[in-house]
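Quick notes on the structure that follows.
Hydrogens, waters and symmetry mates play no part in the numbers below; they use all other heavy atoms, side chains included.
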Amino acid sequence: MDSYHHAPTSFARGQHDPALDLNQNKPGNITARKSGWFFWKSLAAALATIFFGFTAEVSSQPIKLGYAALSSGQIAAWMAKEGGYLSKYGIEAELIYIPAVAATQALIAGEIQLAQVTGVSTAGAILAGADVKIIASSLNRLTGSIYALPEIKTPEQLKGKKLGISRFGALSDTGAALFLERFGLKRGTDVAIIQLGGLPEIVTALQKGLVDAGFANPPQRSQARRLGMTELFDLDTLNIELQQTCVTVTAKYLRERRPVVKAFVQAYGEGLHRFLTDRDFSFRVMKKYLRVDDKELLEDAYIFYSQRIQKIPYPTLKGIKFILDEMAQKQPQARKAAPESFVDLSLLQEIEQSGFFKQLWKS
């Protein structure tokens, strides 16, 4: 961008000709100078496009991105913003916390242009007819734990009790369902599922005794431990490939603003790189967005996600299929859905073929 703004001025200073001063009021010379100025401006803009990978359309395009959870699993978009990578690629971004499935609803309504959500809410929306695509992913496996009040030591002791999730249709809902199924507990009959709005609210409800158990991911997992809660089951031990944290966009916006979306994916990739290579900066970013000023909690979250996060943000078709198979129990149409139709990999493929990721991780 610097070359775009300063090339004409630098050129004029370096090539100053006194003869121009003598003839500066002549129409022909004014026209010639204007033509020369536009030539150099056009050349600078073209070079900026080549070297930086974005156009004037991108640099003038603001976007709103909704992120669906106050969990460190959302770190990629935060790093892209705070590390200056969105600005680098000419995007003026506003990041907004919109809990769980509400972020997908806001995307469909056009209230935001991009959403960092879960594959669960995305799959549900697409099955319901929404024209939405997954374009990138930072986490391709199921993570989360079920914590319970200190006096509850086994899953079986949850019979007749309440288990908290963020919202129906969210990842925490899927995690709770898998937990209950594994231990032979019936949803609604044996254990009541209570939606509480967000992940921090689950720990608060546990602390106040409003629920008997709940879903937690870092840093809430560490908070539950500190409160003396019992970890009944770590879903991460199942090693399930599942589309967890991903970036989605409407097909319409992708068609109409493809350069903007492509630039976002590049910035997203650089955000992931910064997270995995700059621990201290990552702590500061998590502290800001999670509003957690506790080094131990941030440390736990960083260690957890740095071992699981994607280096190159490709979505997982296998992980989408897993979600669809789970949904098929209640939504038969999910059995016929092709995971490939839920994604658009063309942007990532173009970026990878350009050597972008190879150079990024080389450095």
Side-chain angles (χ1 to χ4, degrees), residues 68-71 98-105 117-130 141-217 220-221 224 227 229-238 240 242-244 319-337:
L70 292 176
S71 162
I98 308 176
V101 294
T104 298
Q105 294 165 351
V117 288
T118 69
V120 176
S121 61
T122 304
I126 294 174
L127 285 176
R141 61 184 291 172
L142 174 65
T143 65
S145 293
I146 303 298
Y147 277 85
L149 297 175
E151 60 268 24
I152 297 174
K153 304 299 182 183
T154 67
E156 291 72 21
Q157 288 178 300
L158 279 181
K159 282 190 176 183
K161 301 291 196 295
K162 295 176 288 188
L163 191 156
I165 61 170
S166 58
R167 292 198 181 189
F168 298 131
L171 176 73
S172 57
D173 192 12
T174 298
L178 290 170
F179 163 74
L180 295 176
E181 181 182 345
R182 181 175 180 84
F183 291 97
L185 297 169
K186 294 183 179 180
R187 180 189 182 112
T189 304
D190 294 328
V191 181
I193 302 298
I194 309 297
Q195 63 173 356
L196 298 166
L199 297 180
E201 289 83 350
I202 296 173
V203 176
T204 300
L206 270 172
Q207 188 176 13
K208 293 180 177 180
L210 301 176
V211 293
D212 304 283
F215 179 93
N217 253 328
Q220 290 81 24
R221 181 182 73 166
L227 292 169
M229 303 298 169
T230 304
E231 185 177 30
L232 294 181
F233 190 66
D234 182 357
L235 292 160
D236 193 52
T237 60
L238 296 175
I240 293 176
L242 174 143
Q243 186 58 75
Q244 184 156 321
I320 294 171
K321 185 179 186 306
F322 181 88
I323 293 171
L324 292 173
D325 288 344
E326 289 295 309
M327 287 183 166
Q329 298 177 27
K330 294 183 179 179
Q331 298 174 266
Q333 71 270 31
R335 292 192 179 90
K336 300 178 181 179

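- For the side-chain contact (heavy atoms from CB on, under 4.5 Å) test, residues two or more places apart in sequence or in another chain that qualify with V120 are T118, L171, T174, I323, M327.
- Across all non-hydrogen atoms, the minimal contact from A176 to L163 is CB-CD2, 3.8 Å.
- With Q243 as the partner, the side-chain contact (heavy atoms from CB on, under 4.5 Å) test is satisfied by one option alone out of I320, L142, T122: I320.
- Here the straight-line distance linking atom CD1 of I152 with atom CG of L149 works out to 5.0 Å at 0.5 Å rounding.
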Listing, residues 186-197 side-chain donor-acceptor contacts under 3.5 Å, not counting sequence neighbours, or none:
| residue | atom | partner | partner atom | Å |
| --- | --- | --- | --- | --- |
| R187 | NH1 | D173 | OD1 | 2.8 |
| R187 | NH2 | D173 | OD1 | 2.9 |
| D190 | OD2 | K186 | N | 2.8 |
| Q195 | OE1 | F168 | N | 3.1 |

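- For the atom pair CD of Q157 and CG of L185, the computed distance is 11.5 Å after rounding to the nearest 0.5 Å.
- For the pair T154/L232, no side-chain contact is recorded, criterion being any heavy-atom separation below 4.5 Å from C-beta on.
- Between T230 and Y147 the shortest side-chain heavy-atom distance does not fall below 4.5 Å.
- Residues A69 and L199 share a closest heavy-atom pair of CB-CD1, 4.2 Å.
- In this structure, the side chain of S145 does not engage the main chain of E231 through any donor-acceptor pair within 3.5 Å.
- When all heavy atoms of Q244 and N217 are compared, the pair lying nearest together is NE2-ND2, 3.8 Å.
- From T104, atom OG1 reaches atom CD1 of I98 across 9.5 Å, with rounding to the nearest 0.5 Å.
- Atoms OG1 and CG, from T143 and D234 in turn, are 9.0 Å apart once rounded to the nearest 0.5 Å.
- Taking F233 as the reference, F183 meet the ring pair (Phe, Tyr, Trp, His ring centres under 6.0 Å) condition, with sequence neighbours excluded.
- Looking at L227 and L206, their side chains never come closer than 4.5 Å, going by heavy atoms from C-beta outward.
- L127 has its side chain within reach of Q333: a pair of non-hydrogen atoms, C-beta onward, lies under 4.5 Å apart.
- The nearest pair of heavy atoms linking V117 to A103 is CG1-CB, 3.6 Å.
- Residues L324 and R335 form no side-chain contact, since every pair of their non-hydrogen atoms from C-beta on lies 4.5 Å or further apart.
- Pairs passing the salt bridge (Lys or Arg N to Asp or Glu O under 4.0 Å) check and including a residue from residues 199-213, sequence neighbours excluded, do not occur.
- Minimum interatomic distance between A213 and I146 (heavy atoms only, all atoms of both residues): CB-CG2, 4.4 Å.
- Residues that satisfy the salt bridge (Lys or Arg N to Asp or Glu O under 4.0 Å) test with D325, not counting sequence neighbours, are K321.
- With contacts defined as side-chain heavy-atom distances shorter than 4.5 Å, the pair F215/S166 does not qualify.
- Taking the side chain as every heavy atom from C-beta outward, E181 and E326 approach each other to under 4.5 Å.
- For the salt bridge (Lys or Arg N to Asp or Glu O under 4.0 Å) test, no residue two or more places apart in sequence or in another chain qualifies with R167.
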